[in-house]
Amino acid sequence: MYGFCVTWTAAVAGATGYAGGEVLRLLAAHPDIEIGAVTANSSVGTRLGQHHPHLISLADRVVASTDAEHLSGHDVVVLALPHGVSGAVAAALEQAPGPTPILVDCGADHRLTSRAAWEQFYGTDYAGAWTYGMPELLHAGETAAAAQRGELAAARRIAVPGCNVTAVTLAAQPGIAAGLIDPGRLNAVLAVGYSGAGKALKPHLTASEALGSAQPYAVGGTHRHIPEIIQNLQVAGAAPDAVRLSFTPVLVPMSRGILATVTAPVTAAAGADADPGALLREAWQRVYGATGTGEPLIHLLPEGTWPVTGAVAGSGLATVQVAYDAAARAAVIICAIDNLGKGTASAALQSLNLALGLPETTGIITEGVAP
């Protein structure tokens with residue numbers, strides 16, 4: 001589709017937020033992409049280094065306003081904007097003169113295929129669904145995510161998944177696709193780092209409230225990521241209306257990271273097997289491969305080794321483990337990601353690479369930071 005030695009230009013809207021900063025960190029090292037405009041309406045006229053002092057090579061860039069005038073003319077525009085804002089910006093770009101760039105939305109505006117679900121959980125005008133930016137998303141009957149990658153290779157509009165959604169989907173989808181876990185009795189509890197709440201100054205996000213404390217939020221079926229997780233698991237093979245998910249996120253005192261623990265009873269077929277634990281392990285290994293040999297950015301860890309957020313911090317990796325709880329007759333699946341990495345910016349870049357005809361891991365960091 002594209003030849004070699006091609007450089008694409010990319011603008012980033014919402015460049016001063018956490019997601020925008022992480023997108024810029026990855027793009028700055030991407031061999032085939034040149035960073036163009038950086039925009040943020042709340043910071044117009046300031047220098048990017050005031051907001052992201054770690055981005056040394058971009059520190060002197062002046063932040064422009066988020067409008068078609070500054071975003072048009074690029075090959076790619078990444079929208080790292082608050083929920084409910086991306087739709088209007090995308091519409092303005094589509095009406096602007098000249099070719100419309102590839103649009104990659106890190107917000108929620110274009111993730112849901114159901115208007116009713118959007119209106120129930122977000123309460124604003126529905127902007128329509130774009131191609132879903134999770135290359136590893138299984139489609140019913142698959143053991144590899146070929147269909148989703150094919151859709152992304154042809155995409156001009158990409159909706160990046162929610163970070164919590166990514167962790168829960170990657171944990172649960174092999175069992176759903178194989179018919180080994182009950183989709184009607186899913187329970188997910190997530191430990192979530194504070195950067196997932198964004199930069200807005202709120203009392204409960206200050207250090208005096210957060211340090212030394214864990215805080216649940218959006219409890220009792222109210223979190224906006226619930227319909228997106230259900231949507232994904234239906235794509236993976238769950239019957240319509242079969243998914244029942246109890247979802248509880250908990251803010252914990254770390255800046256980055258999500259550790260998702262997903263539990264579900266095994267199905268009768270799995271429970272009747274002579275070794276349910278081995279059966280579960282085989283299903284997850286069939287989808288993700290052994291560590292480092294299957295999906296390039298998802299590592300199914302060796303048996304007895306558990307995901308930890310520190311091992312994936314700063315990277316685009318997800319680590320996964322599955323075990324069988326014989327007493328509860330349930331599968332226990334744990335997934336660790338960096339919410340700004342595999343949860344947002346790395347997912348955006350991975351999907352964009354496919355749309356540009358590049359190897360999908362180009363520019364993505366595959367080594368964590370330790371300690």
Inset, instruction - May I ask you to check whether Y288 and W284 place their ring centers less than 6.0 Å from one another? - result: no
Inset, instruction - With sequence neighbours left out, write down each residue that passes side chain to side chain contact (heavy atoms under 4.5 Å, CB included) with A96, or none if nothing qualifies. - result: A68, S72
Legend entry - side chain to side chain contact (heavy atoms under 4.5 Å, CB included) partners for A11, two or more places apart: A37, L71, H74, V77
Inset, instruction - Please confirm whether the backbone N or O of V62 pairs with a side-chain atom of R47, one donor and one acceptor, at under 3.5 Å? - result: no
Inset, instruction - Mark yes when over 12 heavy atoms from residues, nucleotides or ligands other than Q50 sit less than 6.0 Å from its CD; otherwise mark no. - result: yes
Inset, instruction - Please check if the side chain of H70 supplies one atom and the backbone of A64 the other of a donor-acceptor pair under 3.5 Å. - result: no
Legend entry - Side chain T267, main chain G179, donor-acceptor under 3.5 Å: yes
Inset, instruction - Examine the side chains of Q215 and H204 and answer whether a donor and an acceptor come within less than 3.5 Å of each other. - result: no
Inset, instruction - Determine which pairs satisfy salt bridge (Lys or Arg N to Asp or Glu O under 4.0 Å) with at least one residue from residues 136-147, sequence neighbours left out, and list them in order. - result: E136-K342
Inset, instruction - Without swapping roles, check the side chain of R115 against the backbone of L112 for a donor-acceptor pair under 3.5 Å. - result: no
Legend entry - Any donor-acceptor N/O pair, D109 side chain to V85 backbone, under 3.5 Å: yes
Inset, instruction - Take Y217 and H223 through the test ring pair (Phe, Tyr, Trp, His ring centres under 6.0 Å) and record every step on the way to the result. - result: CA-CA 8 Å; Y217 64 100; H223 197 285; 5.7 Å; yes
Legend entry - Any residue meeting salt bridge (Lys or Arg N to Asp or Glu O under 4.0 Å) with E94, in chain and number order, not counting sequence neighbours: R157
Inset, instruction - Give a yes or no answer on whether the side chain of S86 reaches the backbone of P82 with a donor-acceptor pair at less than 3.5 Å. - result: no
Legend entry - Pairs touching residues 61-85 that satisfy salt bridge (Lys or Arg N to Asp or Glu O under 4.0 Å), sequence neighbours left out: none
Legend entry - salt bridge (Lys or Arg N to Asp or Glu O under 4.0 Å) partners of E228, counting only residues at least two apart: R111
Inset, instruction - Decide side-chain hydrogen bond (donor to acceptor under 3.5 Å, both in side chains) for Q120 and R224; before the verdict, give the C-alpha distance in whole Å, the side-chain angles of both, and the deciding distance to 0.1 Å. - result: CA-CA 9 Å; Q120 177 185 350; R224 291 172 168 181; over 6 Å; no
